[in-house]
Every structure is written in C-alpha cells, then in structure tokens.
J.: 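Sharing a structure, written as structure tokens. Questions coming.
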Protein chains: 2
Amino acid sequence: MPRISDSTIHRLSRYYRTLKYMHDKGSQTISSNILAQQNDVTAAQVRKDLSCFGAFGRRGLGYDIVDLKRNIARIMGLDRTWKVALCGVGNIGRALIDYDQFRVQGFQITVAFDSDPGKIGKVIHGVVIRNEANLERDVRDEKVEIGVVSVPVSSAQSIVDRLVAGGVRGILNFAPINIKVPKNVFVRNENMAIEIEALSFALTNPKMVQY
Amino acid sequence: MPRISDSTIHRLSRYYRTLKYMHDKGSQTISSNILAQQNDVTAAQVRKDLSCFGAFGRRGLGYDIVDLKRNIARIMGLDRTWKVALCGVGNIGRALIDYDQFRVQGFQITVAFDSDPGKIGKVIHGVVIRNEANLERDVRDEKVEIGVVSVPVSSAQSIVDRLVAGGVRGILNFAPINIKVPKNVFVRNENMAIEIEALSFALTNPKMVQY
DNA sequence: CCATCCTTGTTATATTTGTAACAAGGGATT
DNA sequence: AATCCCTTGTTACAAATATAACAAGGATGG
Ligand SMILES: NC(=O)c1ccc[n+]([C@@H]2O[C@H](COP(=O)([O-])OP(=O)(O)OC[C@H]3O[C@@H](n4cnc5c(N)ncnc54)[C@H](O)[C@@H]3O)[C@@H](O)[C@H]2O)c1
Ligand SMILES: NC(=O)c1ccc[n+]([C@@H]2O[C@H](COP(=O)([O-])OP(=O)(O)OC[C@H]3O[C@@H](n4cnc5c(N)ncnc54)[C@H](O)[C@@H]3O)[C@@H](O)[C@H]2O)c1
C-alpha cells in the first residue's frame, strides 16, 4: 500500500474546502490550475495529490466539482459520522462544543467529560457534561472513536491513556505536551503555542524564512 | 542567509518546551539523545537543528539547559514581549484572552476588537473590547505587531486586510480559509478542521499512514 | 598521564517531497 | 474529419529534508 504523506492529507482537506466553496457558488467543474491558485500550490501538486487515489478528472475539461468532492469525502472518511468524546469542558472545550461546523462535517461530540463537580451534569449545546470518573466505560459503551483532549497539561497524558483504554483510536490534542500513545492510535496536535512562536521567529528573523 | 525550514522552527519550539520542563525538574544538562526521545525525533535531527544557529553544547557533556533555553529564546524572539491584537471575541477569542500562558511567554493581547455592540466596552480578563470600526488606527497607535483572527470566515479576509493596513506584520488565523496577505506579512494558520479531518483520514486508511 | 567512554558538530548519504515536462485524451471549430 | 486548444495523469527530474557516520573535543578513572 502506497504511503500518503502528511502534506498530501493536509492539502486534500484544503481542496475539499475549496470544492465546497465552489459548489456553493454554483460552479460545475474546476481545473487543477484553479484549485492550485486557491490553495497556494502548483497545479502539478494538485494533480499528483489526487492521482494517489485514482483518476478523477477528464482531460481537456478538468474535474467535476460534485464528483471530486464526493470522492475526497470518501477517501478521507468524511462521508460518514464519527463519534467524538470531548475531555475538559473549559474555555477551549466549550468553544468546540459550541462550534456547529464540526457536527455538520460529521464529527459528533456525543459525550463530554470534566472533573469539576460544578460542571458535571450541566448541558452545553445539547451535550451533557459527565463525570470523568467513568470515562473508560462511557467511551466504550458509546462506541466513541475519536477523543478530543482539552484538559490542562497536567492531566493530558492520563486522560489520553484512559481514552485509549476505552477503545479510542484517534486523538486530537490541544494540550501543549508530547503525549504518548500505543502504536495503533493516531494523534494530531493542535498546538497554538507552536504557531505563535513560529510567528515570533519569522518576525525576528525575516531573512531566514520565505515570505 | 541560510533558510530555516518550517519543520526546524516547529521543533525548536518543542525543544524549548522540553527545556523549560527539564529546568523546572531541576536538571542541569541534557543530551541531544534525551531531547530527541522527548520529542520523537532522532538525536541527529536535534543536533542539526541547533547547529543552524551555532554550537551550544559541550562534547562529552551535552547542553547546559539554562544556556540552551536562553539561546533558543533569543533565536525565536521569545526573550521579549509582543503586542497582540485579537479580532473577534467569540468562543475562540475569549479562550485566548483567558489563557495566561501566552502572556507569560510574552504575547500580550493589548487590544481586542469585536463588531457586536453588545460586546463592545466590556472587559474580559483585563482587556477592553473595542469597536472594530477604528481597528486600523488603534492597531497603529498601540504599535501592535501580531494580529489574531478569530472572526467568522466571512469577515476574515477583510479583518486581515485592515490589520495589515494598521501595520501588523504577523497573523495567527483561526478562520478556515486561505487568507491572502502582502509578501512581507507572515501568516500561520490554526486550522482545527484540517487536523480532525486528518484523523478521519488516518482512521479510514490506517495502512496509508505511518503509525 | 594514558586509555576509555561519551557526546557534539559536521559532512556525506539516503529518503522524501515538490516541480516540471510531456504524451495522450477529449472537446470545440471549421 | 482534420486541426487546434485545453487539461489530465504520469514519468522524469530537482530540491529539500532527514538519517547516518565519524572525527574531534572533553570528561572520568585507574
Ligand atoms: N485557552 C487557550 O487559548 C489555549 C491555548 C493553547 C493551549 N491551550 C491548552 O488547551 C487545554 C485546555 O485549555 P483551557 O483554556 O480550555 O483550560 P481550562 O482551564 O479553561 O479548562 C480545562 C478544563 O479541564 C477540566 N479538567 C481538569 N482536569 C480534568 C480531568 N482529569 N478530567 C476531565 N476534565 C478535567 C477542568 O475542570 C476545566 O474545565 C490546556 O492544556 C491548555 O494548555 C489552551
Ligand atoms: N469555535 C471553534 O471551536 C472553532 C473551531 C475551528 C475554527 N473556528 C473558527 O474560528 C473563528 C471564530 O470562531 P468562534 O467559534 O469563536 O466564533 P464566534 O461566532 O463565537 O465568534 C466570532 C466573533 O467575531 C465577531 N465578529 C464578527 N465579525 C466581526 C468583524 N468584522 N470585526 C470584529 N469582530 C467580528 C462576532 O461578533 C463574534 O463575537 C471562525 O472563523 C471559526 O470558523 C472555530
């Protein structure tokens, strides 16, 4: 099985968003060139990325937007729903529960956990906040596949361990720490500190980064 | 001037965090090997990353933690404060204002903007929410260098344009859209949709990604 | 003081990733 | 039907990035 690079996956995601946008605008087809311009990459890159998964275009014409959109959705697993468990209903956690776009795209926060007795039992945007004491059991019972970690750094690794114990196979981690997981679990980090520090570097050393 | 890769910058950020952690734990020195293990990279990678900026270690002994930490801070511009303007005090915006770690690291949200009359004038975590009507002027007056964009997609590009007009040189963008900026402005995107979709891809095609 | 063991910094090599080039497919036009 | 544009998919090439290898610096212990 050919390995797909991280960059390709990221770009697929961005092509997908462009396709949704172009579809809403009423377009029927799109060329690799336009898709490239919209995402600041080369047309060759777009065609090569797509060619990893098949031949979706028509020579001379480009890609049918609806068709390509559907194909990318299938490839990326966006043509289904995913059950998500959110751990840590603080500032970030609340923002995520409130954010409807995730649900629209199929990521359903079915359970949320917190350790704060003052929060347990409350309902936010239709989601009941549960006691994290029963996390493993609840996650397993609800057949959750993805866990979101928005607890403080000090609790992050243990929450991850418990999510994994509950059968979760993918983790989106907001805690700025390098969490460890078994080989068969996937982790993506959303590390805002890294991004803003990268900005700091760029502004400090403008000659060392390509504008 | 040698170009520094994005990956190297990201890793420097992570090494920096490890150094802070090890320092708090009371360690004096650290080897490239330990630094590597903590960040899931090879020791050669660590040494090569650091060697882009100088020779900070002592052969046979490793790196002095305090010294290396200070050097990375200097290299990345983390030994100073940055004035930050936050645009869009919604769910994400509020979370960022509330988050003390940014301030501790030198990123000071000095001004915040919103267009909602119900929010303008309110104070969150010591920051007054201003009317976005005067954004350019306020940003310029306050000598803001970094702008954070946490407004809806529909307003993102125009807010970016105005931040740039106000003299901002770096932008941290949370809106899931490919914003356009002049050549001399740096942008970093914090796109949660991409990360969770990457998880979806990995869980859908486990054979195509390296665990 | 010599031998031994570490660990760095750097150079050389391998791998991955991105770009360019182009043949072949396909529609439109005359 | 022949010609002329376009645009894809793929292959060949270039650049960037990561890994490995190793010489030289330095500590430690007898
Ligand atoms: N807020 C930000 O802007 C921001 C930015 C970058 C990174 N982060 C990171 O994101 C994470 C969450 O940040 P936040 O600002 O939302 O923090 P927060 O303090 O607002 O929320 C954390 C929540 O986790 C809960 N919690 C603590 N331990 C728990 C446990 N063991 N099980 C379940 N719940 C538990 C707390 O009760 C609280 O509700 C932190 O790791 C933080 O470093 C936040
Ligand atoms: N909430 C999440 O979890 C989440 C996740 C991924 C991406 N995002 C993105 O982050 C951005 C912010 O999300 P949010 O959930 O905080 O949205 P939100 O609706 O809670 O907040 C947006 C804020 O921006 C303000 N605003 C609108 N137009 C403005 C303008 N022209 N100038 C100044 N302020 C303006 C609104 O009044 C509101 O307070 C959006 O682009 C969203 O797509 C959010």
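Reminder, nothing fancy here: chain letters follow the sequence lines and each chain counts from 1.
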J.: How long is the line joining CG of B:D64 and P of D:dG26, in whole Å?
T.: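 It is 15 Å, rounded to the nearest whole Å.
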J.: With sequence neighbours excluded, give me every salt bridge (charged side-chain N to carboxylate O under 4.0 Å, His left out) pair touching residues 193-204 of chain A.
T.: A:E195-B:R188
J.: Mind listing the residues from residues 8-23 of chain A sitting with a heavy atom below 4.0 Å of DNA chain D? Number order is fine.
T.: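 The stretch gives none, as no residue of it lies under 4.0 Å from the strand.
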J.: Distances under 3.5 Å only, N/O to N/O: pair up the protein atoms with those of nucleotides 3-7 of chain D.
T.:
residue : atom : partner : partner atom : Å
D:dT7   : O4'  : A:G60   : N            : 3.1
D:dT7   : O2   : A:G60   : N            : 3.3

J.: Not counting sequence neighbours, which residues clear side chain to side chain contact (heavy atoms under 4.5 Å, CB included) with A:Y99? List them please.
T.: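 Residues passing side chain to side chain contact (heavy atoms under 4.5 Å, CB included) with A:Y99: A:Q101, A:F102, B:P176.
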J.: Nearest whole angstrom, please: distance from the C1' of D:dT8 to the CG of A:D49.
T.: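 Checked: the CG to C1' distance equals 14 Å.
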J.: Please report the closest heavy-atom contact between B:E136 and B:A165, naming both atoms and the distance.
T.: CG-CB, 4.0 Å
J.: Answer with yes or no whether the side chains of A:S158 and A:S155 bring together a donor and an acceptor at under 3.5 Å.
T.: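 No donor-acceptor contact under 3.5 Å links the two side chains.
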J.: Considering non-hydrogen atoms only, spot the tightest contact between B:I109 and B:V127 and give its length.
T.: O-CG2, 3.6 Å
J.: Can you name the residues that form a side chain to side chain contact (heavy atoms under 4.5 Å, CB included) with B:N184, not counting sequence neighbours?
T.: A:Y211, B:P182
J.: Give me the ring orientation class for A:F201 and B:F53: parallel if the planes are under 30° apart, tilted from 30 to 60°, perpendicular past 60°.
T.: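 Geometry flag for B:F53 against A:F201: perpendicular rings.
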J.: So, under a plain 3.5 Å distance rule, would you say the side chain of A:K48 forms a donor-acceptor pair with the base of C:dG18?
T.: yes
J.: Expressed as a whole number of angstroms, how long is the span from B:L68:CG to C:dT8:C1'?
T.: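 After rounding, the gap between these two atoms is 13 Å.
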J.: Looking at residues at least two apart in the chain, or sitting in another chain, which of them share a salt bridge (Lys or Arg N to Asp or Glu O under 4.0 Å) with A:E145?
T.: A:R80, A:R169
J.: Under the salt bridge (charged side-chain N to carboxylate O under 4.0 Å, His left out) rule, what pairs show up with a residue in residues 47-63 of chain A, not counting sequence neighbours?
T.: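 Listed by first then second residue: A:R11-A:D49.
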J.: Nearest-Å distance, CG (B:L50) to P (C:dT7)?
T.: 16 Å
J.: Do the side chains of B:V160 and B:I171 get nearer than 4.5 Å, heavy atoms only?
T.: yes
J.: Separation of A:I4 atom CD1 from C:dT16 atom P, in whole Å?
T.: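 Checked: the CD1 to P distance equals 13 Å.
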J.: Only counting residues at least two apart or in another chain, list the ones meeting side chain to side chain contact (heavy atoms under 4.5 Å, CB included) with B:D161.
T.: B:Q157
J.: Using whole Å, report how far CG of B:D6 lies from P of C:dG18.
T.: 12 Å
J.: When the distance from CD of B:Q45 to P of C:dT15 is rounded to whole Å, what number comes out?
T.: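 It is 16 Å, rounded to the nearest whole Å.
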J.: In whole Å, I'd like the distance from the CZ atom of A:F56 to the P atom of D:dT10.
T.: 11 Å
J.: Partners of A:D100 by salt bridge (Lys or Arg N to Asp or Glu O under 4.0 Å), sequence neighbours excluded?
T.: none
J.: Have a look at A:A44 and say if it touches a base, only the backbone sugar-phosphate, or nothing, with a 4.0 Å heavy-atom cut-off.
T.: base
J.: Just how large is the angle between the end axes of the helix from C:dC1-D:dG30 to C:dT30-D:dA1, five pairs per end, to 10 degrees?
T.: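 That helix gives 10° between its end axes.
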J.: Listing request: all salt bridge (charged side-chain N to carboxylate O under 4.0 Å, His left out) pairs with a residue in residues 199-211 of chain B, at least two apart in sequence or in separate chains.
T.: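 Every candidate salt bridge (charged side-chain N to carboxylate O under 4.0 Å, His left out) pair involving residues 199-211 of chain B fails, so no pair, neighbours aside, qualifies.
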J.: If you restrict it to nitrogen or oxygen atoms, what contacts under 3.5 Å exist between nucleotides 14-16 of chain D and the protein, and what is each distance?
T.:
none

J.: Do B:N173 and B:N189 meet the criterion of a side-chain donor-acceptor pair at a distance under 3.5 Å?
T.: yes
